[in-house]
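Structure, as C-alpha cells:
All values below come from the heavy atoms of this structure, side chains included, with hydrogens, waters and symmetry mates left out. Keep in mind that what you see is a predicted model, and the values were worked out from it rather than measured.
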Amino acid sequence: QVHLVESGGGLVQPGGSLRLSCAASGNIFSIYALGWYRQAPGRQRDLVATITNGGITNYADSAKGRFTISKDNIKNTVYLQMDSLKPEETTVYYCNAQPPAWASTHSSWGQGTQDAVSS
C-alpha cells in the first residue's frame, strides 16, 4: 500500500504560481512513477505531469513550458511547480503513484488539493 498526502493548494491570481507537494509513505518500493492529475467540476480527470523513478518526465501539452514536476528521493515527495496559472486551471489536483508494469498491484491516489485561480 502507498499513502499519498497532497498539500500546497490555495487561491492565487491569474498569472501567479503555486507549488504542490505530495508525500508518499508505506510501500514506496512499489512505485514506478509519480504524477499529478487534475479534475475540474463536471470534467474527467486528466494527466498534468508524471515522473518515473529514473527521472523521465511527461507533461500534458497544456502544462509544457509552465509547469515543472520534480521529486525528492530522500523525503519521498513529488512536487509540481505551476507558473503562469490560468483561471480555467481552477480545479482539484490529485497525486498518483503508479506501480511497475510487472506488478499486480493497482495505482494509488491522494485525497486531492483544491486550487483556485481568480482575481
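- Distance check, rounded to the nearest 0.5 Å: CD1 of I28 to CG of N76 gives 3.5 Å.
- The two residues L4 and V2 have their closest heavy-atom pair at CD2-CG1, 3.7 Å.
- By the neighbour-count criterion of 12 heavy atoms within 6.0 Å, atom CD of Q1 is sparsely surrounded, having that number or fewer from other residues, nucleotides or ligands.
- In this structure, CG on N58 lies 4.5 Å from OG1 on T50, to the nearest 0.5 angstrom.
- The side-chain hydrogen bond (donor to acceptor under 3.5 Å, both in side chains) test with Y93 singles out one residue from Q39, R38, Q114, R45, and that residue is R38.
- For I31 against A24, the heavy-atom pair with the smallest separation is CD1-CB, 4.2 Å.
- Neither side chain, Q98 nor N96, offers a donor N or O lying under 3.5 Å from an acceptor on the other.
- Rounding to the nearest 0.5 Å gives a distance of 11.0 Å between CG of L34 and OG of S70.
- Residues Y94 and L85 are members of separate hydrophobic clusters, defined by side-chain heavy-atom contacts under 4.5 angstrom among Ile, Leu, Val, Met, Phe, Trp and Tyr.
- Linking Ile, Leu, Val, Met, Phe, Trp and Tyr whenever their side-chain heavy atoms come within less than 4.5 Å leaves L47 and I56 in two separate clusters.
- Within the model, atoms CD of E89 and OG1 of T91 stand 9.5 Å from one another, a figure rounded to the nearest 0.5 Å.
- Considering all non-hydrogen atoms of both residues, K71 and N73 come closest at NZ-OD1, 2.9 Å.
- From Q81, atom CD reaches atom OG of S21 across 9.5 Å, with rounding to the nearest 0.5 Å.
- Side-chain contact between Y37 and V92: absent, with no pair of heavy atoms (C-beta onward) separated by less than 4.5 Å.
- Hydrophobic clustering of Ile, Leu, Val, Met, Phe, Trp and Tyr side chains at less than 4.5 Å, counting indirect connections, unites L80 with V12.
- Smallest separation of non-hydrogen atoms from W36 and I69: CD1-CD1, 3.9 Å.
- Pairs of residues two or more places apart, or lying in two chains, that qualify as disulfide bond (SG atoms under 2.5 Å apart) and include a residue from residues 74-119 are C22-C95.
- Proximity of Y32 to T52: side-chain heavy atoms (C-beta onward) are separated by under 4.5 Å at one or more points.
- With respect to E88 and R43, no salt bridge is recorded, no charged nitrogen being found less than 4.0 Å from a carboxylate O.
- Separating the CG atom in L11 from the CD atom in Q13 is a distance of 8.0 Å, to the nearest 0.5 Å.
- Counting heavy atoms from C-beta on, the side chains of R66 and K86 come closer than 4.5 Å.
- Residues P14 and S118 are not in side-chain contact: their nearest non-hydrogen atoms beyond the backbone lie 4.5 Å or more apart.
- Summarising the geometry of T90 relative to V117, their closest heavy-atom pair is OG1-N, 2.7 Å, with the distance given to 0.1 Å.
- Contact annotation: the side chain of L20 never approaches that of E6 to less than 4.5 Å [non-hydrogen atoms, C-beta and beyond].
- The shortest non-hydrogen separation linking S30 to N27 is OG-O, 2.7 Å.
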